[in-house]
Amino acid sequence: MTTAQPLDFQAPAPSPLALLLLGREADPKSERGVECPGDLPAPSDPDLVERARAAKAKLGDKVFVLGHHYQRDEVIEFADVTGDSFKLARDAAARPDAEYIVFCGVHFMAESADILTTHDQQVVLPDLAAGCSMADMATAEQVAECWDVLTEAGVADVTVPVSYMNSSADIKAFTGKHGGTICTSSNAERALTWAFEQGEKVLFLPDQHLGRNTAVRDLGMSLEDCVVYNPHKPNGGLTAEELRGAKMILWRGHCSVHGRFSLDSVNDVRERIPGVNVLVHPECKHEVVAAADYVGSTEYIIKTLEAAPAGSKWAIGTELNLVRRLANRFASEGKEIVFLDKTVCFCSTMNRIDLPHLVWALESLADGKVVNRIEVDPEVAAFSKLALERMLALP
């Protein structure tokens, strides 16, 4: 009897868009356009791991570190819990005794944690430049203008906003004010079902692909039932007739990682790896989702691979850090896991939270200095929480 050898994960080839690594000073092209924090330890510092351990030990139960699935392994090592954005925000809320919540994710996630935690808790984002390109594709001013367009077309009163968790606190607050709910990639079908019980149309923010895929794939609508509102065009690029005829009004936003996967990627991997199972996130384009074997959230992807039989082959359409971690985790079981695309595709903003930034944040807290605190305006937080509570009440 022979023992199966672990499979080595083959990283995709680098590409010009692979990963923007921030060091010091400023990145004028970042979504948030802010400076990276002050005197960071050098990434090559061999003592970084020990410094992180020492600072975390000094803080003890005062600190609770959250790590999103897309973070690097060097950061995940110091996370008390890992998960997707909403799970982590709820985990933070379940730890009211933790004085500091260090969120290793991106800006909108830290906002959600601040909304759901107590006033006495302080949420820290190790690098303020860790934004989200999708979340930043919908601003409060743009969405207010969109609502005016819907009002002029005579459809605002029958339209229910549904906003993806991957949105700013301002957009969540807009949703709460206008009777809508928040959704995650796990419960988007339930959220849309609820919304159509409240009104005739849905304004889905800010990811057009999750909205379209859920409406067509899960609720049985047609592509013709969906229109795309482009905030950079007059009236969103739509006529009043188009708005009146649509069931789903999709905001023109997308994820820079999931949006890059193509039908060619699916066809290519099937040709290269006979018998491969294609598993993708619902933020992917509709043609990619339609061609995949399995579609689901980050948590769904992890659970599917956990339950997969030994020797099975998988091509995963989601962020590379997670795919690589899963490939290494299940290699001993003989599961072959590859990245769906041929080229590297990290979430560049998520990767701005690196070990130097985490060490800097933890050491600052250990010295009694709170850095990069995320605070949501109380009124915005109240309406955002209302929308989140509607999601929590979904059947």
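What's counted below: heavy atoms across the whole structure, side chains too, no hydrogens, waters or symmetry copies.
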Can you tell me how far the CG atom of Leu210 sits from the CG atom of Leu192, to the nearest 0.5 Å?
-> 8.0 Å

Linking I/L/V/M/F/W/Y whenever their side-chain heavy atoms sit closer than 4.5 Å, directly or via other members, would Val158 and Trp194 fall into one cluster?
-> no

Taking atom types as modelled, find out whether Asn351 and Asn321 have a side-chain donor-acceptor pair closer than 3.5 angstrom.
-> yes

In Å, rounded to the nearest 0.5 Å, how long is the span from CD of Glu141 to SG of Cys146?
-> 13.5 Å

Without swapping roles, check the side chain of Thr181 against the backbone of Met391 for a donor-acceptor pair under 3.5 Å.
-> yes

NZ/NE/NH1/NH2 to OD/OE distance under 4.0 Å, Arg270 and Asp293 = yes

So does Glu197 have more than 12 non-hydrogen atoms from other groups sitting under 6.0 Å from CD?
-> yes

Val102-Leu48 co-clustered via ILVMFWY side chain contacts under 4.5 Å = yes

If Ile, Leu, Val, Met, Phe, Trp and Tyr residues are connected whenever their side-chain heavy atoms lie under 4.5 Å apart, and connections chain through other members, are Leu250 and Ile171 in the same group?
-> no

Just checking, Lys177 and Phe383: is the charged tip under 6.0 Å from the six-membered ring centre and within 45° of the axis?
-> yes

Donor on one side chain, acceptor on other, Asn187 and Thr184, under 3.5 Å | yes

Path from Met248 to Leu219 over hydrophobic side-chain contacts below 4.5 Å | yes

Donor-acceptor contact present, side-chain Arg95 to main-chain Phe64, <3.5 Å = no

For Lys313, which of Val278, Val269, Ile273 qualifies under side chain to side chain contact (heavy atoms under 4.5 Å, CB included)?
-> Ile273

Does a side-chain heavy-atom distance below 4.5 Å link Met137 with His254?
-> yes

Val338, Leu305: one ILVMFWY side-chain cluster at the under-4.5 Å cut-off?
-> yes

Interatomic distance, Arg373 atom CZ to Leu365 atom CG [nearest 0.5 angstrom] = 11.5 Å

Heavy-atom donor-acceptor pair, Asp127 side chain to Ala129 backbone, under 3.5 Å | yes

Using 30° and 60° as the class limits, which term best fits the ring planes of Phe174 and Trp147: parallel, tilted or perpendicular?
-> perpendicular

Test item: Leu392 and Arg90 side chains (from C-beta on) under 4.5 Å apart, heavy atoms = yes

Side chain to side chain donor-acceptor pair (under 3.5 Å) partners of Arg217, counting only residues at least two apart | none

Determine yes or no for a side-chain-to-main-chain donor-acceptor pair under 3.5 angstrom, with Asp225 supplying the side chain and Ser222 the backbone.
-> yes

Qualifying residues under salt bridge (charged side-chain N to carboxylate O under 4.0 Å, His left out), relative to Glu241, sequence neighbours excluded | Arg244

Do other residues, nucleotides or ligands put more than 12 heavy atoms under 6.0 Å from Asp61 CG?
-> no

Are any side-chain N or O atoms of Lys335 and backbone N or O atoms of Ala308, one a donor and one an acceptor, separated by less than 3.5 Å?
-> yes

Polar side-chain atom of Asp47 near backbone of Glu50 as donor-acceptor pair, under 3.5 Å | no

Mind checking side chain to side chain donor-acceptor pair (under 3.5 Å) for Asp114 and listing every partner two or more places apart, or none if nothing turns up?
-> none

Using only heavy-atom distances, determine whether the side chains of His69 and Glu319 contain a donor-acceptor pair under 3.5 Å.
-> no

So among Arg325, Arg53, Lys56, which one has a salt bridge (charged side-chain N to carboxylate O under 4.0 Å, His left out) with Glu77?
-> Arg53

By salt bridge (charged side-chain N to carboxylate O under 4.0 Å, His left out), Glu306 pairs with (sequence neighbours left out) Arg329

Side-chain contact, heavy-atom cut-off 4.5 Å: Val81 with Leu66?
-> yes

Around atom CZ of Arg252, are there more than 12 heavy atoms of other residues, nucleotides or ligands at under 6.0 Å?
-> no

Is any side-chain heavy atom of Leu279 less than 4.5 Å from a side-chain heavy atom of Tyr300?
-> yes

Within the side chain of Glu363, is there an N or O that forms a donor-acceptor pair under 3.5 Å with the backbone of Trp360?
-> no

Do Leu355 and Val49 touch side chain to side chain, with heavy atoms closer than 4.5 Å?
-> yes

Polar side-chain atom of Asn277 near backbone of Trp314 as donor-acceptor pair, under 3.5 Å | no

Spell out, as yes or no, whether a donor-acceptor pair under 3.5 Å connects the side chain of Thr214 to the backbone of Ala188.
-> no

What's the verdict on side chain to side chain contact (heavy atoms under 4.5 Å, CB included) for Glu283 and Ser185, showing C-alpha distance, side-chain angles and the deciding distance?
-> CA-CA 8 Å; Glu283 289 176 17; Ser185 52; 5.5 Å; no

Any side-chain heavy atom of Arg72 sitting closer than 4.5 Å to one from Asp354?
-> yes

Taking C-beta and beyond as the side chain, do Leu205 and Tyr164 meet within less than 4.5 Å on heavy atoms?
-> no

Verify the ring-centre separation between Phe103 and Phe108: is it less than 6.0 angstrom?
-> no

Got Ile101 and Val124 here, is their nearest side-chain heavy-atom distance under 4.5 Å?
-> no

With Tyr70 via ring pair (Phe, Tyr, Trp, His ring centres under 6.0 Å) - residues at least two apart = His68

Between Asn372 and Leu125, is there a donor-acceptor pair closer than 3.5 Å when you use the side chain of the first and the backbone of the second?
-> yes

If you look only at pairs with a residue in residues 218-251, which of them pass as a ring-ring contact (aromatic ring centres under 6.0 Å, His included), with sequence neighbours excluded?
-> Tyr229-Trp251

